[in-house]
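Input: a single structure, listed below in structure tokens.
Note on naming: letters A, B, ... go to the chains in the order of the sequence lines (proteins, then strands), and numbering restarts at 1 for each one.
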Number of protein chains: 2
Amino acid sequence: MALRPVTRRSVSDQVFDQLLDDVVDGELAAGEPLPSERRLAEVLGISRPAVREALQRIAQTGLVEVRHGGATLVRDFRRAAGLDLLPRLLVRGGALDTAIGRSVIEARAEVGPGIAALAAERGGPALAAGLDAVTDAMTTTTDATAWQVLALDYWDLLVDGADSMVFRLMYNSLRSAYEPALPALATLLADEVGQVEPYRLLTAAIRAGDGPTARAAAARVLTPTADTLLGAFAAMEADR
Amino acid sequence: MALRPVTRRSVSDQVFDQLLDDVVDGELAAGEPLPSERRLAEVLGISRPAVREALQRIAQTGLVEVRHGGATLVRDFRRAAGLDLLPRLLVRGGALDTAIGRSVIEARAEVGPGIAALAAERGGPALAAGLDAVTDAMTTTTDATAWQVLALDYWDLLVDGADSMVFRLMYNSLRSAYEPALPALATLLADEVGQVEPYRLLTAAIRAGDGPTARAAAARVLTPTADTLLGAFAAMEADR
DNA sequence: CAGCACGACTGGTATGACCACTTGACCAGT
DNA sequence: ACTGGTCAAGTGGTCATACCAGTCGTGCTG
């Protein structure tokens, strides 16, 4: 008997999710006014403070604009939302949006090498030592999910080494989009397990402080994963 | 007579800002528990719902973790926050954080050319026509701020052409960090006004669907601004 | 000493009242 | 015809209070 943990989400959480989905799905079109807080509370059968908490959080993500005295308006999230919305877009209704997934892979391929280059210029041998520890752990790993976790740890160190707040925050956003899907992706990427060599080469370039080489090495680390996932996305679309 | 719009910020807004600043400044250290909602309300002299709204928004940005029945814990924002936090980090206490600013410039230099390359492969002549309209407007502009706005419009179209949700959201986050400082930056970048040629070359590469050339052209568009701003940041640090 | 029960916290929700603001309609002046 | 004032209705913003629902430490109990 596999009991799964009961999820007791708060009312305002549920309202938040519902509103967010409605906006993203276009069910609430941009420019359209939302029902008043009192009306929402009545329709949903909850209290106004609960509605307000959800609404404030929605506004925080830029999906909606509340105006004191006036109506609350839906905004075009493609224009107004920031990268923090990504996790909500990537997996919606339990399914993975392949178009969004594709753009994640593309962004990773674009940004990753840049981070590696910066890390090479700024991280030095201390960073390389930390990376070695991770790759050592990789060699003794056979589990696909554990491998992916280590890969994330590796990049985590790299991002630290790049010493850039923007890349750090970008990485956090991408990671929190990536992480929920990790177990599912890990099985797709099972063939990668054990391929430590590309990481070793990247670490070597970092240790040498060689930015351009690190950039190229990072691309080589990322390419196989990107190809596999893009292929999987294409297959998923064909199925549909 | 320069009338400035009256700013009447809501109580929960002010609490939100205050808590956010305290977390970012490290005044509230990571791992530390926050005072209870009742206590905060009492100390701040406001109602508990107001405190809660602020707290929920703080939690939404990942700076804090609220647990039903337990204390609300401060998290390490460098680890937990997403790119949406950037605007709050870039300008704090009315002043611009040069370290953050530097990393914005770096990220722009890294991501911009990638966007241009994608746009070249996917945008086609229709995109190029839109870009032409913007560069035409640039030729008739002498005001530094107006020029910067047009430059943003140009990139906005480019991002649309890249047809990537991740880059779109990244751009939105970076733009909302950049925009508040735009008037101040515009004066620094006054020399750029009228330099339409780099943009024209980039548009040509887009029209031709030539990704690599677009990438290089985008780098040429971005480099002068980057150099100017990095120089200005260095000067600001020297002053300090 | 292990285990449990309980009490004193914490956050979550509900209610109803009132304040502050926007909107639109209407009405008076010019 | 236009400006400005007034007003009522509806909206979001805030408050006070009570109670529900979890967590956590303490001290009792076996």
### Query
Is there a donor N/O on one and an acceptor N/O on the other, under 3.5 Å, for the side chain of B:H68 and the base of D:dG22?
no
### Task
Return the value, rounded to whole Å, for the distance between atom CZ of B:R38 and atom P of C:dT10.
7 Å
### Query
Would one find a side-chain N or O of A:S36 under 4.0 angstrom from OP1 or OP2 of D:dG10?
no
### Query
Has the side chain of B:D25 got a donor or acceptor atom that lies under 3.5 Å from a matching backbone atom of B:E27?
no
### Query
For the pair made of CD in A:E37 and C1' in C:dT15, what is the distance, rounded to whole Å?
15 Å
### Task
Kindly indicate whether the side chain of B:L19, heavy atoms from C-beta on, has any atom under 4.5 Å from the side chain of B:L63.
no
### Query
Within the pair A:Q56 and D:dG13, is there a side-chain N or O less than 4.0 Å away from OP1 or OP2?
yes
### Query
If each of A:I46 and B:R67 is mapped to the nucleotide of DNA chain C with the nearest heavy atom, which maps nearer the 5' terminus, i.e. the 5' end?
B:R67
#### Entry: Cation over ring face, A:R102 and A:F233, 6.0 Å, 45°
no
#### Entry: Check: A:R9 side chain, C:dG12 base, donor-acceptor under 3.5 Å
no
### Task
Return the value, rounded to whole Å, for the distance between atom CG of B:L34 and atom P of C:dC9.
18 Å
### Message
Assess, by modelled atom type and distance only, whether the side chains of A:E192 and A:T225 contain a donor and an acceptor separated by less than 3.5 Å.
### Response
yes
### Task
Specify the separation, in whole Å, of atom CZ of B:R52 and atom C1' of D:dC19.
14 Å
### Task
Enter the distance from A:L83:CG to A:M170:CE here, rounded to the nearest 0.5 Å.
7.5 Å
### Task
Measure from CD on A:E53 to C1' on C:dA14 and round the result to the nearest Å.
12 Å
### Message
Return whichever of A:G70 or A:S47 has its heavy-atom-nearest nucleotide of DNA chain C closer to the 5' end.
### Response
A:S47
### Task
To the nearest Å, give me how far apart CG (A:L40) and P (D:dG10) are.
17 Å
### Message
What is the separation between atom CZ on A:R48 and atom C1' on C:dC18, rounded to the nearest whole Å?
### Response
11 Å
### Message
Rounded to whole Å, how long is the line connecting atom CG of B:D13 with atom C1' of D:dT14?
### Response
13 Å
### Query
Under 4.0 Å between a side-chain N or O of A:S10 and OP1 or OP2 of C:dG11?
no
### Query
Of the candidate nucleotides D:dT14, D:dC15, D:dG12, which contains the atom at the shortest distance from the side chain of B:S12?
D:dT14
